[in-house]
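Structure first, then comments.
Because only heavy atoms are used, hydrogens play no part in the values below, and waters and symmetry mates are left out as well, while side chains stay in.
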Amino acid sequence: MTDFRVVDTPAISELPPTSEDALALTFAERHAGELRYIAHWGRWLNFDGTRWSFDSTLHAFDRARVICREVAMDCDKPKSSITSAKTVAAVEKLAKADRRLAAMMDQFDAEPWPLNTAGATYDLRTGEGRPPNPLDYITKKTACAAAQAGTPHPIWTAFLHRITAGNAELQGFLQRYI
């Protein structure tokens, strides 16, 4: 899969710090690890530490607002022009096209083998778990974490007993490979 986030951008220091472009570059730099914009969907996604989820609360807009407020406090330009809704919206709009934040819809959930849980991401081929990684581009996760090895599972055991007509060898096989 291609990583579209690597690009040449002008150094922020080359732009006036209060310009919308400089503010958008600051936004992208600060939030490259946690925000993505998918133009095809017209939506922002936010990485919550476990998975990517749709931004339904204007989180990205609010993050742009925070940056505008911070810059406004450190400059001589009229603060109202930097913190205006127009400037905040322009910063968020410019950031949508920044390669560090732009993503394509087919990047998400492209791999069939990772299973994301509340505690880890598991490779279903090997059963190995590891910490969630935003570069996996997973949007789904299970409702609960995986149980520790050796945790009793009476419902599953009863189910296996019923469907295998008590065949212990078949039950052992199914427990190993399913």
Side-chain angles (χ1 to χ4, degrees), residues 1-9 12 24-64 66-67 92-178:
M1 182 178 328
T2 305
D3 187 353
F4 293 97
R5 295 176 300 120
V6 179
V7 297
D8 291 328
T9 57
I12 293 175
L25 290 170
T26 299
F27 178 94
E29 182 178 302
R30 188 177 295 180
H31 299 293
E34 69 184 71
L35 291 174
R36 292 290 182 274
Y37 185 77
I38 295 82
H40 188 78
W41 292 337
R43 306 265 318 259
W44 283 100
L45 279 87
N46 179 56
F47 187 74
D48 65 10
T50 305
R51 69 181 178 117
W52 291 96
S53 58
F54 286 112
D55 174 8
S56 58
T57 63
L58 299 177
H59 177 75
F61 187 87
D62 186 54
R63 298 297 86 204
V66 167
I67 290 169
E92 189 243 2
K93 186 174 185 175
L94 287 167
K96 289 175 180 180
D98 192 293
R99 300 295 90 187
R100 293 169 288 183
L101 302 174
M104 295 177 8
M105 65 182 186
D106 60 358
Q107 285 177 260
F108 293 88
D109 301 316
E111 296 295 324
W113 296 111
L115 175 69
N116 218 6
T117 70
T121 299
Y122 291 91
D123 184 328
L124 293 176
R125 294 170 293 197
T126 65
E128 296 293 316
R130 60 175 170 71
N133 183 342
L135 296 179
D136 289 335
Y137 290 99
I138 297 172
T139 63
K140 299 170 180 74
K141 75 175 179 181
T142 62
C144 60
Q148 296 292 328
T151 301
H153 40 74
I155 295 172
W156 175 249
T157 302
F159 170 75
L160 285 178
H161 184 75
R162 183 173 53 83
I163 66 161
T164 63
N167 183 329
E169 185 179 347
L170 181 54
Q171 289 173 31
F173 171 81
L174 292 172
Q175 288 182 343
R176 248 188 327 276
Y177 296 106
I178 295 182

Give every donor-acceptor pair under 3.5 Å between a side-chain atom in residues 118-135 and any protein atom, sequence neighbours left out.
unit_1	atom_1	unit_2	atom_2	d
T121	OG1	N116	OD1	2.7
D123	OD1	R125	N	2.8
D123	OD1	R125	NE	3.2
D123	OD2	R125	NH2	3.1
T126	OG1	E128	N	3.1
R130	NH1	D136	OD2	2.9
R130	NH2	D136	OD1	3.3
R130	NH2	D136	OD2	2.7
N133	OD1	L135	N	2.8

Under the side chain to side chain donor-acceptor pair (under 3.5 Å) rule, what pairs show up with a residue in residues 42-52, not counting sequence neighbours? W44-E92

Please report the shortest heavy-atom distance between T164 and L160, naming the atom on each side. OG1-O, 2.6 Å

Smallest heavy-atom separation, F27 atom then A60 atom, equals CE1-O, 3.3 Å

Side-chain donor-acceptor contacts of residues 141-149 below 3.5 Å, not counting sequence neighbours, with atom names and distances?
unit_1	atom_1	unit_2	atom_2	d
T142	OG1	C144	O	2.6

dist E29:CD -> L101:CG (nearest 0.5 Å) comes out at 11.0 Å

Please report the closest heavy-atom contact between A28 and R100, naming both atoms and the distance. CB-NH2, 3.5 Å

Rounded to the nearest 0.5 Å, how far apart are CD of Q175 and NE2 of H153? 5.0 Å

Distance, nearest 0.5 Å, that separates CG of D55 from CG of L45: 8.5 Å

Smallest heavy-atom separation, P154 atom then P152 atom, equals CD-C, 3.6 Å

Using every non-hydrogen atom in the two residues, find where H161 and Q171 come nearest and quote the distance to one decimal. CA-NE2, 3.4 Å

If you measure from CZ on R63 to CG on L35, what distance do you get to the nearest 0.5 Å? 9.0 Å

Residue from F108, W41, F47 passing ring pair (Phe, Tyr, Trp, His ring centres under 6.0 Å) with F54: W41

Which atoms form the tightest heavy-atom contact between Y137 and Q107, and what is the distance? CB-O, 3.2 Å

